[in-house]
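The structure appears below as structure tokens.
As the structure is a prediction and not an experimental result, all values here were calculated from the model. A, B, ... follow the sequence lines: proteins, then strands. Residue 1 opens every chain.
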There are 2 protein chains.
Amino acid sequence: MGIEKSMMTVDEFIDRFCAVVRERGLRLTNQRIAVVRHFFQQGHHVTVDSLYQLVLKEHPQIGYATVYRTLKLLVECSLAQTHQFDKNRVCFELYEEHEHHDHIICVECSKIIEFEHAEIERLQDQVAEDHGFLLTTHRMELYGICPDCQKKA
Amino acid sequence: MGIEKSMMTVDEFIDRFCAVVRERGLRLTNQRIAVVRHFFQQGHHVTVDSLYQLVLKEHPQIGYATVYRTLKLLVECSLAQTHQFDKNRVCFELYEEHEHHDHIICVECSKIIEFEHAEIERLQDQVAEDHGFLLTTHRMELYGICPDCQKKA
DNA sequence: CTGATTGCAAACCGTTTGCATATCA
DNA sequence: TGATATGCAAACGGTTTGCAATCAG
């Protein structure tokens with residue numbers, strides 16, 4: 001029922017990042033690598049703030065702006081993608097080509113579950129086609145109460 | 001393929017608003033009525049700013065805050081609902097019980113098409129159930145290029 | 001060396017809030 | 001008359017930006 005998670009290691013991820021950085025003639029800094037590493041290690045659905053707090057322990061001088069800029073860079077390089085589950089805060093997750101999934105979010109504890117559903121995707125494509133749209137992306141989020149929170153209540 | 005739009009008239013809508021306002025012991029002001037009327041007349045998917053600009057012509061003294069507060073009131077009364085198609089700006093549309101629909105948004109011209117799809121809804125319920133979630137709401141948005149914009153390109 | 005990057009603080013921008021004044025019931 | 005609503009301006013909070021100092025290549 002779940003989704004196969006990435007088999008990539010931190011090092012592989014950082015290598016990919018370094019490759020893109022080199023390719024673009026950008027520079028590799030300790031701050032960037034720290035942000036990228038923590039981003040990957042935290043796993044999915046990271047908040048800018050949570051990442052900032054983490055990196056801070058290693059780089060007491062790092063600024064919010066650097067974290068923002070590095071995450072933005074990751075997105076530009078197709079190594080990360082953003083989600084807007086709640087309107088106040090963006091969250092970032094790993095981007096992996098050919099691995100589209102959607103989310104179920106618990107409205108009580110904010111837990112996020114990922115799922116794939118080929119049939120829904122197919123029907124969405126169909127709907128777009130029926131309206132003559134050339135589909136570029138979509139967003140589907142289910143909000144509800146997770147099993148744990150149901151027990152608590 | 002489209003959706004049957006509301007048959008409600010402006011006056012009926014305003015009447016409903018007045019009823020709720022009375023019911024809650026709130027007060028009916030010219031500003032509120034103006035906002036509510038323009039909201040309804042604009043049809044779906046209204047931005048706070050666009051509404052503010054409209055009402056301004058009638059009430060040169062009205063403030064943004066009043067428009068915001070009135071729209072918030074409409075949402076509380078289940079006469080309106082919000083959507084967050086683009087992360088910077090909320091937009092409001094009419095809320096009608098038992099009339100759930102989703103949206104296809106043109107990424108070029110921002111045109112919004114509504115659609116209903118019982119089978120997708122059913123599958124979404126299924127997915128939630130499979131993960132033990134008690135579904136409360138969902139959001140599904142398709143983004144693409146509309147027929148008009150395809151022709152232009 | 002020198003152009004990219006950083007950290008800081010200030011700007012941004014949509015939204016919300018505090019408060020004195022005006023208004024509805 | 002008395003509580004509610006308004007308009008204004010200031011606050012908020014996440015995000016972005018300008019800039020001088022720093023650093024990677």
Side-chain angles (χ1 to χ4, degrees), chain A residues 14 17-36 38-39 45-77 80-92 110, chain B residues 14 17-39 45-53 55-77 80-92 110:
Chain A
I14 294 181
F17 176 69
C18 295
V20 188
V21 161
R22 239 175 281 122
E23 200 175 295
R24 299 193 173 203
L26 302 177
R27 288 176 186 177
L28 227 45
T29 62
N30 295 331
Q31 292 94 321
R32 279 186 175 164
I33 291 180
V35 170
V36 169
H38 278 108
F39 165 70
H45 310 123
V46 184
T47 267
V48 177
D49 191 65
S50 66
L51 211 48
Y52 171 70
Q53 299 299 339
L54 273 175
V55 180
L56 208 53
K57 294 176 190 163
E58 247 172 64
H59 291 264
Q61 291 309 318
I62 203 167
Y64 252 93
T66 301
V67 180
Y68 268 101
R69 290 190 272 227
T70 305
L71 285 169
K72 196 176 171 188
L73 179 57
L74 281 176
V75 172
E76 281 165 15
C77 303
Q81 60 185 315
T82 59
H83 290 290
Q84 190 87 32
F85 295 131
D86 104 71
K87 78 168 181 185
N88 303 318
R89 229 194 271 124
V90 185
C91 89
F92 292 77
S110 299
Chain B
I14 294 181
F17 176 69
C18 295
V20 187
V21 162
R22 239 176 282 121
E23 200 175 294
R24 300 195 172 201
L26 302 178
R27 290 176 183 174
L28 227 47
T29 63
N30 296 330
Q31 292 93 321
R32 279 185 175 165
I33 292 180
V35 171
V36 169
R37 180 161 35 77
H38 278 108
F39 166 70
H45 310 122
V46 185
T47 266
V48 176
D49 190 67
S50 67
L51 211 48
Y52 171 71
Q53 299 300 339
V55 180
L56 207 54
K57 293 177 190 163
E58 247 172 62
H59 291 263
Q61 292 309 318
I62 203 167
Y64 253 92
T66 301
V67 179
Y68 268 101
R69 290 191 272 229
T70 305
L71 286 169
K72 197 177 170 188
L73 180 55
L74 281 175
V75 172
E76 281 167 15
C77 302
Q81 60 186 314
T82 58
H83 289 290
Q84 189 88 32
F85 296 131
D86 103 71
K87 78 167 183 185
N88 302 317
R89 226 194 273 123
V90 184
C91 90
F92 292 77
S110 299

Identify, between B/P60 and B/K87, the residue whose nearest nucleotide on DNA chain D lies closer to the 5' end.
B/P60

Using the rule side-chain contact (heavy atoms from CB on, under 4.5 Å), only one of A/T70, A/V55, A/T66, A/V67 pairs with A/Q31; which is it?
A/T66

Distance check, rounded to the nearest 0.5 Å: A/T47 atom OG1 versus A/N88 atom CG?
11.0 Å

Establish, with yes or no, whether the OP1 or OP2 oxygen of D/dG13 is under 4.0 angstrom from a side-chain nitrogen or oxygen of A/R89.
no

A/Q84 CD - D/dT15 P separation (whole Å):
8 Å

Using the side-chain heavy atoms of B/I62, tell me which of these nucleotides is nearest: C/dT15, D/dG7, D/dG14.
D/dG7

Quickly work out the A/R32 CZ to C/dA4 C1' distance and round it to whole Å.
8 Å

Just the atom pairs and distances: protein N or O near nucleotides 18-25 of chain C's N or O, under 3.5 Å.
from, atom 1, to, atom 2, distance (Å)
C/dC24, O3', B/L28, O, 3.4
C/dC24, O2, B/R27, NH1, 2.8
C/dA25, OP1, B/L28, N, 3.1

Criterion side chain to side chain contact (heavy atoms under 4.5 Å, CB included) on A/F39 and A/L74, from CA distance to verdict:
CA-CA 10 Å; A/F39 165 70; A/L74 281 176; 3.8 Å; yes

Whichever of B/N88 and A/T66 has its nearest DNA chain C nucleotide further upstream toward 5':
A/T66

To the nearest Å, give me how far apart CG (A/L73) and C1' (C/dT6) are.
14 Å

For residues A/Q84 and A/K87, report the shortest heavy-atom separation together with the two atoms involved.
NE2-O, 3.2 Å

Side-chain donor-acceptor pairs under 3.5 Å in residues 18-29 of chain B, sequence neighbours left out?
from, atom 1, to, atom 2, distance (Å)
B/R24, NH2, B/E76, O, 3.3
B/T29, OG1, B/R32, N, 3.1

Show every salt bridge (Lys or Arg N to Asp or Glu O under 4.0 Å) that has at least one partner inside residues 58-68 of chain B, sequence neighbours left out.
B/R37-B/E58

Side chain to side chain contact (heavy atoms under 4.5 Å, CB included) between A/V35 and A/L51, worked out
CA-CA 7 Å; A/V35 170; A/L51 211 48; 4.2 Å; yes

Nucleotide D/dA3, atom P - distance to CZ of B/R22 in whole Å
22 Å

Separation of C/dT5 atom P from A/L71 atom CG, nearest Å, is 15 Å

I need the OH-P distance between B/Y52 and C/dG14, as an integer number of Å.
13 Å

Would you mind reading off the distance between B/K72 atom NZ and D/dT6 atom P, rounded to a whole angstrom?
13 Å

Nearest whole angstrom, please: distance from the P of D/dC12 to the OH of B/Y68.
18 Å

